[in-house]
Structures are given as structure tokens and as C-alpha cells.
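Take a look at the structure below.
No hydrogens, no waters, no symmetry mates; every other heavy atom, side chains included, goes into these values. Along the sequence shown, residues are numbered consecutively beginning with 1. Treat the numbers as computed from the prediction; the structure is a model and nothing was measured.
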Amino acid sequence: MARAMYPAPEPAAAPAAASGGPPARADSGPQRALRRLGLVRPIDLALHLPLRYEDLTRVRTLSEARAGDEVLIEGSVIATEVRLHPRRQLVATLQVAGGGRCTLRFFTFYPSHQKALAVGSRVRAHGELRGSDWAGWTMMHPRLLSADAPLSQGLTPVYPTTAGLPQAYLRAAIARALRQVDLTETVPPDALADLPQPLAGEPGGHWTLRAALQYLHQPDPREPLAALQDRQHPAWQRLKAEELLAQQLAQVQARRERDALRAPVLRAAPEGLPQRLQAALPFALTGAQRRVVAEIAADLARPVPMHRLLQGDVGSGKTVVAALAAAVAIDAGWQCALMAPTEILAEQHFGKLVQWIEPLLAPLGRTVAWLTGSQPRAQRQAMLARIASGEAALVVGTHAVIQEQVAFARLGLAVIDEQHRFGVAQRLALRRKAGAAAAGLEPHLLMMSATPIPRTLAMTVYGDLDVSTIDELPPGRSPIVTKVLAAHRRSAVIERIRAQVAQGRQVYWVCPLIEESEALDLRAATATHAELAQALADVHGPDGRPVQVGLLHARLAPAEKKAIMAAFAAGALAVLVSTTVIEVGVDVPNASLMVIEHAERFGLSQLHQLRGRVGRGTVASVCLLLYSPGESGRISDSARERLRAMVETQDGFEIARRDLAIRGPGEFLGARQSGTPLLRFADLATDEPLIDWARRWAPRLWARDPAAAQRHLERWLGAKLDYLKA
């Protein structure tokens with residue numbers, strides 16, 4: 001093994017750490033860094049796989065290397081100096097064995113570097129080679145190695161790390177963990193034999209878990225690096241299969257544990273509140289809505305907690321389905337809570353539900369309560385009292401619904417809208433709010449999402465849920481034409497707005513998303529509002545009145561936001577300039593034009609949500625995506641893919657599939673995964689055959705050998721299993 005000339009200090013002699021790391025005090029810096037990375041148990045370290053590998057097995061010559069290669073070179077130092085301009089740096093010139101020279105440059109260096117690079121010294125340097133034969137070769141901050149030490153026998157792993165955790169320490173910790181860890185097989189041989197592709201390499205045709213881990217931590221130097229880094233090597237396939245099996249076992253366990261819980265049986269009386277509500281609605285339900293209402297009603301009638309995801313595209317009518325589910329709970333004598341991520345969305349729900357349900361509750365002496373963090377104290381106290389007494393049959397609100405002082409009398413159903421916007425802990429808190437818990441009963445849980453779940457996610461991350469899908473839009477929805485325009489066409493867009501508002505139509509203009517600064521968001525929105533107000537100052541609507549332009553942003557007081565949205569919904573405002581606070585829930589049928597500025601900065605699902613704010617009436621609607629190329633004159637490849645997807649499809653399921661392909665599951669899921677490990681090794685885009693295998697075998701393993709299934713789960717998920725209850 002090549003020996004670094006400046007290795008990290010060896011840990012002080014002490015008993016081996018319980019984590020399986022090198023001997024060190026439990027409160028030492030490296031031990032704290034290991035804990036920050038979640039590397040607590042020997043198995044955690046064993047599963048902490050390299051990001052990449054360094055080839056220190058042979059010394060290369062400059063003639064066989066190319067710019068960009070990471071290589072190990074050897075030679076004699078023929079010049080060295082400390083330069084002060086343009087910044088302090090150590091520069092050494094190496095006469096490389098086999099011919100040619102290479103400049104070694106360090107912007108951070110110590111006296112020991114200068115000593116090692118004294119003229120006449122012979123050293124090895126490992127790093128990325130920059131330059132060329134004619135322009136000269138350079139290495140920036142190369143790793144210096146002793147020229148006398150034997151070369152490595154295998155590829156050197158480079159691990160993900162954090163501050164205070166040197167690679168040398170981490171390598172030693174992982175090597176010790178691999179010697180200590182229990183890697184007894186938990187996957188039965190017939191399951192391995194059923195894998196979709198043979199994992200050749202071991203007697204019997206299968207890689208054992210130990211063999212796969214040993215290989216990935218210390219691969220054969222003859223193995224092409226590409227085979228290791230594209231994760232298609234049989235050792236990688238074995239780890240992916242193990243990981244997906246653990247994930248599916250956890251889903252099966254979560255379902256079993258929920259099936260062991262008790263929930264109130266919620267059945268409406270014949271001709272009860274749900275039937276009266278449906279009869280009072282000013283529209284007929286679609287076939288898809290009737291189907292999912294029946295699925296939810298069947299769940300509510302069971303004595304085990306419902307755990308169902310209701311997914312449907314923007315505008316498919318999820319709110320009325322939630323209202324009918326709430327009506328079932330209320331008719332059965334229980335309360336329902338509906339939690340939304342923003343006050344605007346909660347207010348939208350509240351307005352609809354009051355309109356639909358409150359007239360039916362009044363004769364029963366029951367009400368709909370409204371609960372947000374911005375309420376006046378007296379109003380809030382009155383709402384809390386109604387909730388605690390049970391007078392409030394339905395409670396609509398934001399995160400305020402799960403605050404400590406909120407006490408339900410009989411919470412039987414919890415509905416969470418845009419569930420991916422809430423973290424695991426928040427969803428657990430709502431479930432624990434049940435006054436029913438005193439009777440040992442859990443509330444039923446209905447989660448709603450306008451971001452449809454692609455099949456691979458439905459099978460993995462959401463595999464513990466029952467999924468209902470509204471795959472049909474209500475009649476009367478107009479098609480939306482989506483166009484992409486460069487920002488220099490802005491004046492033409494404003495002319496189009498003039499024409500629209502003169503005809504009595506309404507327009508949204510969504511300002512750029514500037515994540516780093518809410519102040520910059522506000523400045524952009526304010527400037528756009530002033531620009532449009534001036535551009536439309538001479539335009540009059542069909543009623544002869546001058547058109548008005550409104551401004552909506554996150555810093556407005558809730559009462560101001562409410563007043564502006566009410567004015568836009570009533571038609572008093574022709575144009576609404578807004579930040580992304582209008583992303584979900586806003587329903588203004590007369591709005592027929594959506595302009596999204598700097599569309600290249602928005603995520604695909606967010607663009608789809610924003611587009612869904614128009615096309616809610618009978619007039620054909622348009623969504624204009626304005627993009628601004630950067631200094632390079634172009635936008636990123638992923639931004640181009642997002643804009644192309646918006647033009648090519650309005651299908652929310654296709655949008656979700658493309659979004660997953662572009663972003664990967666981590667970003668796609670948002671807060672759903674807080675506390676729950678995302679798949680580290682498997683790839684949902686390419687490993688669907690392994691997902692199908694894991695889904696087949698997880699219930700069989702629980703049935704045949706529950707002890708092995710539990711060991712497998714503990715090995716892969718450890719203490720994180722609790723989050724699956726969310």
C-alpha cells in the first residue's frame with residue numbers, strides 16, 4: 001500500500017469504539033464526525049461505500065497520460081519556490097520519470113510540504129493532470145507519497161466524508177468494521193436464484209453480501225473503473241437487491257402494524273350527510289370521483305386505520321372527494337381535520353367547505369372551524385373551544401392544527417392536502433392529535449397530492465399506502481396551450497395581456513423564484529407590478545372601467561393576501577402579479593392567461609401546478625413560459641428538458657414521470673422522506689426489475705422467516721423504522 005507522506009494523525013490507543021471505528025475516545029473529533037454522517041454501527045460503516053477510487057497501483061509516465069486523468073507520477077524535484085503573487089503559493093517543478101516536467105502547485109501548504117519538495121528530493125504525486133505537452137503539465141494540490149514505499153495492491157477508495165474526518169481515519173474505521181460486522185445471510189437461496197439477472201462471481205452463481213462489500217471497498221485493480229462507477233457490476237446488483245428488499249420489508253411491516261391498530265368504524269346513515277351533500281352540490285361527480293369516494297368509504301367502514309393517498313391531476317376535483325369523506329366521519333359522530341400547507345390553500349378549502357357543508361351542519365348545531373397561526377387571539381381561543389367541545393365537526397387549517405394547545409374531542413379522520421409539503425414529524429403529530437387515542441383508537445388518514453406518483457415510487461417509497469387515483473377531469477375544463485418564449489419577447493407578452501384584459505379576461509404573472517432571498521423575490525415582483533400597471537394604465541375593460549393590477553407576495557399580512565385574492569376572484573383585479581404563493585389551490589375560472597417569468601428556475605411539478613391555475617373555465621387558456629439565458633447565452637440541459645416537457649404534455653402522470661427522471665427521487669419527494677432513508681444504491685429509473693423482485697419476496701420472507709426479515713430490516717434501516725408509521 002502506498003504510504004502518504006502526510007497521513008492524518010493516528011488515533012490514540014484506546015479500546016475499539018462500539019461503532020466499529022478505529023480506537024478513539026468516544027468524544028473525539030473523528031468520532032463526532034462519524035456520528036454526524038450516521039456511521040454509528042459496524043454495518044453503517046460497511047455500507048458506507050466509496051464515491052470513487054484512486055489508482056495508486058502503478059506509476060504513469062506523462063507520455064501515456066491525458067489531460068483530466070487522475071494519475072500517479074514519480075520524479076525528482078528540480079526547482080521549488082514560494083510565490084506571493086497573485087496569492088501566496090508553493091510551486092515545485094518535478095522532472096518526471098519517463099520524460100517531461102510537471103508543475104506541482106499548492107495554495108495551502110505547510111513547512112513539511114516545503115521540506116518534502118526540497119530540490120533533489122524524489123517524490124510521487126497523485127492528482128488530476130492539467131495542461132498538455134506543449135503548454136506544460138500541472139497538478140493542483142496533489143497528494144504527495146513516499147517514492148520508497150511499495151505501491152498499492154488494489155484501488156484506493158475515496159469515501160464521502162465531512163469536516164474533521166480524514167480519509168485515512170475513515171478507511172481505517174471501515175476496514176475494522178468489515179472485520180467485526182455480522183454479515184450472516186438473510187436472503188434465502190431461492191430468493192437469490194429468482195433475481196432478474198444472475199449475480200455471477202461466487203460458487204453457486206451468487207455474490208454473498210460479504211463478498212460484494214469486500215469487493216466494492218477494495219476492488220480488483222484490473223476491474224475497469226467504469227464498471228464500478230456505473231453501478232452495474234454484480235457486486236452492486238447484490239447491494240441494490242438487498243436494499244430494495246429491506247425497503248419492501250419495511251412497507252410490509254408498516255402495513256401489518258397498522259392492521260393491528262384500531263380505528264373508529266365510520267359509516268354514514270342511509271340518506272345521511274354524504275348523500276345530502278352530494279345532492280346539494282352544483283355539479284355532478286365524475287365517474288373517477290365516484291369510484292374513489294367508494295374506495296375511501298369502504299376503508300372508513302373498517303375498524304383499522306385507513307392510510308390512503310388520493311392522487312389526481314390539477315383541477316381533477318380532490319377537494320369535493322375530501323368533503324364527502326369528511327361528511328362520512330361527521331355523520332358517524334366524529335370530527336374531521338383538514339391540514340393544508342399554506343394559508344391561501346387552507347382558505348380556499350375553507351371557503352368551499354363552508355359553502356358546501358356548513359348549511360347541512362347548522363341544523364345539527366355543528367360548525368366548520370378555521371385555524372391558522374395568524375388568527376387574532378380571541379378568535380383563535382373561540383375556535384379552540386369549539387374543537388375541544390366537539391361543536392366544530394370539521395377543522396380546516398395550516399400547521400396550526402397540530403400545535404400543542406389544539407385538543408380534539410373525537411378526531412376520526414385526518415386529511416392532509418399536498419402531503420409532500422409536510423415532513424414526517426408533522427404528519428405523525430396530526431395522527432396523534434386524536435381525542436380518540438384515549439380510547440385506544442387511531443384516526444383514519446387520507447393524504448392528497450396533485451403531483452401524481454410514478455409507478456416506481458408507488459411501488460417503493462409509497463408502497464405502504466393504498467392509492468386512489470382520479471384519472472378524469474371534470475367536464476367543461478378548457479385546454480391549455482403552452483408556449484416557451486425568450487425574455488426579449490416581453491413586450492409582445494404585455495401586448496397580449498392588453499388584448500386579454502380588454503376582453504374582460506384575467507391574467508396571472510408569476511415572478512421569478514429567487515431562493516436565496518425573499519427580499520429579491522419581492523423586489524422583482526414589485527418592479528413587474530409597476531411595469532404592468534404603467535403599461536395597462538390606458539386600458540379599459542368591457543365595463544368601461546380602467547383595469548387594475550394587483551400584487552401578491554409572502555410578506556403581506558394574511559388579511560391583505562385574503563383581500564387581494566378576493567378582489568381577483570371577484571374580477572376587480574384584471575392582472576395579479578405574484579410570487580409562487582398562488583402555486584396551489586387558487587381557483588378563478590375567468591383567468592385565461594398565465595405568464596411565468598424565469599420559468600427555467602422552476603421545478604417541473606411547480607410549473608405544472610402554476611399552469612393549472614388557468615383553464616378552469618370554458619375559454620381556451622394559454623400558459624407562457626418566459627426564459628432568460630444566462631451569460632453563457634443558454635439555459636441548463638435540465639431546464640431545457642423541463643420546458644420541453646411542459647410544451648409536450650399536460651398529463652400530470654407523464655409530467656411526474658419526467659420530473660422523476662430529471663431530478664431523481666430525493667428532490668422529487670421533498671419532505672415525504674424526512675427521517676426515512678432514500679435509496680442510496682438502487683436507481684428507480686433503471687432497477688424496476690429488482691423492485692418487482694423485492695415486492696414479490698418481501699411478504700414471503702416475513703411469512704417464512706420473520707426473524708431473518710427482522711435482522712434484514714435492522715441491518716439496513718436501524719432506528720429509522722419509526723418514520724414508516726407516517
Side-chain angles (χ1 to χ4, degrees), residues 479-503 505-539 547-553 573-583 591-615 619-650 655 658-659 662-663:
I480 305 170
V481 175
T482 303
K483 296 182 178 180
V484 176
L485 298 174
H488 66 76
R489 303 276 305 277
R490 188 183 183 95
S491 58
V493 173
I494 293 175
E495 282 303 311
R496 183 166 193 149
I497 291 174
R498 289 172 60 89
Q500 287 285 305
V501 298
Q503 295 173 29
R505 299 294 166 205
Q506 289 172 279
V507 178
Y508 294 101
W509 185 299
V510 178
C511 283
L513 178 69
I514 306 171
E515 294 180 353
E516 296 83 4
S517 171
E518 191 178 276
L520 291 177
D521 266 347
L522 176 56
R523 194 183 313 159
T526 304
T528 301
H529 173 259
E531 176 189 11
L532 290 175
Q534 182 177 357
L536 303 176
D538 61 337
V539 181
V547 300
Q548 301 295 315
V549 182
L551 175 61
L552 186 67
H553 55 81
L573 296 176
V575 180
L576 181 62
V577 178
S578 173
T579 56
T580 54
V581 292
I582 56 100
E583 178 186 340
S592 60
L593 177 60
M594 165 67 70
V595 181
I596 304 175
E597 193 174 356
H598 278 291
E600 78 279 0
R601 297 182 184 174
F602 292 82
L604 185 49
S605 65
Q606 195 172 33
L607 289 172
H608 184 58
Q609 289 276 3
L610 288 168
R611 175 170 60 185
R613 299 309 105 209
V614 294
V619 176
S621 297
V622 176
C623 177
L624 299 180
L625 305 176
L626 295 181
Y627 71 92
S628 298
E631 293 180 3
S632 64
R634 59 193 300 272
I635 59 175
S636 69
D637 290 342
S638 60
R640 187 177 293 105
E641 287 298 315
R642 292 194 297 272
L643 297 181
R644 180 182 294 125
M646 287 291 291
V647 171
E648 290 177 350
T649 182
Q650 292 185 45
I655 290 281
R658 295 199 193 187
D659 199 16
I662 293 169
R663 289 196 289 163

Within the 4.5 Å heavy-atom criterion, are [X] and [Y] side-chain neighbours or not?
X    : Y    : result
R498 : D538 : yes
T528 : T526 : no
R496 : V507 : no
L485 : L625 : no
L643 : L607 : yes
R611 : M594 : no
R505 : V619 : yes
Q650 : I655 : no

Can you name the side-chain contact (heavy atoms from CB on, under 4.5 Å) partners of [X], sequence neighbours left out?
X    : value
V647 : T482, V484
A530 : none
E648 : R644, R658

Can you name the closest pair of heavy atoms from [X] and [Y] and give their distance?
X    : Y    : answer
G615 : I480 : CA-CG1, 4.0 Å
I635 : P629 : CG2-CA, 4.0 Å
F602 : E597 : CE1-O, 3.3 Å
E600 : L626 : OE1-O, 3.9 Å

request  = Any chance you could measure S578, atom OG, to H529, atom NE2, to the nearest 0.5 Å?
outcome  =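 Spacing of OG (S578) from NE2 (H529) equals 11.5 Å.
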
inquiry  = Can you tell me how far apart CG (D659) and CD (E641) are? Round to the nearest 0.5 Å.
reply    =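 These two atoms lie 12.0 Å from each other.
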
request  = Decide side chain to side chain contact (heavy atoms under 4.5 Å, CB included) for W509 and I497; before the verdict, give the C-alpha distance in whole Å, the side-chain angles of both, and the deciding distance to 0.1 Å.
outcome  = CA-CA 10 Å; W509 185 299; I497 291 174; 3.5 Å; yes

message = Is there a side chain to side chain contact (heavy atoms under 4.5 Å, CB included) between C511 and V577? Walk through the geometry before answering.
response = CA-CA 7 Å; C511 283; V577 178; 3.7 Å; yes

inquiry  = I'd like to know whether CZ of R489 has more than 12 heavy-atom contacts from other residues, nucleotides or ligands below 6.0 angstrom.
reply    =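 No - once you tally the heavy atoms of other residues, nucleotides and ligands closer than 6.0 Å, there are 12 at most.
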
ask   = Using a distance-only test with no angle check, is there a side-chain donor-acceptor pair under 3.5 angstrom linking Q606 and H608?
value =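 No donor-acceptor contact under 3.5 Å links the two side chains.
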
Donor-acceptor pair between S592 and Q500 side chains, under 3.5 angstrom =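 Yes - a donor-acceptor pair under 3.5 Å links their side chains.
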
message = Determine whether C623 and V481 satisfy the following criterion, side chain to side chain contact (heavy atoms under 4.5 Å, CB included), listing intermediate values before the conclusion.
response = CA-CA 6 Å; C623 177; V481 175; over 6 Å; no

request  = In sequence, state the C-alpha distance, the side-chain angles, and the governing distance for Q506 and L576, and then conclude on side chain to side chain contact (heavy atoms under 4.5 Å, CB included).
outcome  = CA-CA 8 Å; Q506 289 172 279; L576 181 62; over 6 Å; no

ask   = Which one of V549, V547, V539 satisfies the side-chain contact (heavy atoms from CB on, under 4.5 Å) criterion with V575?
value =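 Of all the options given, the one that passes is V549.
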
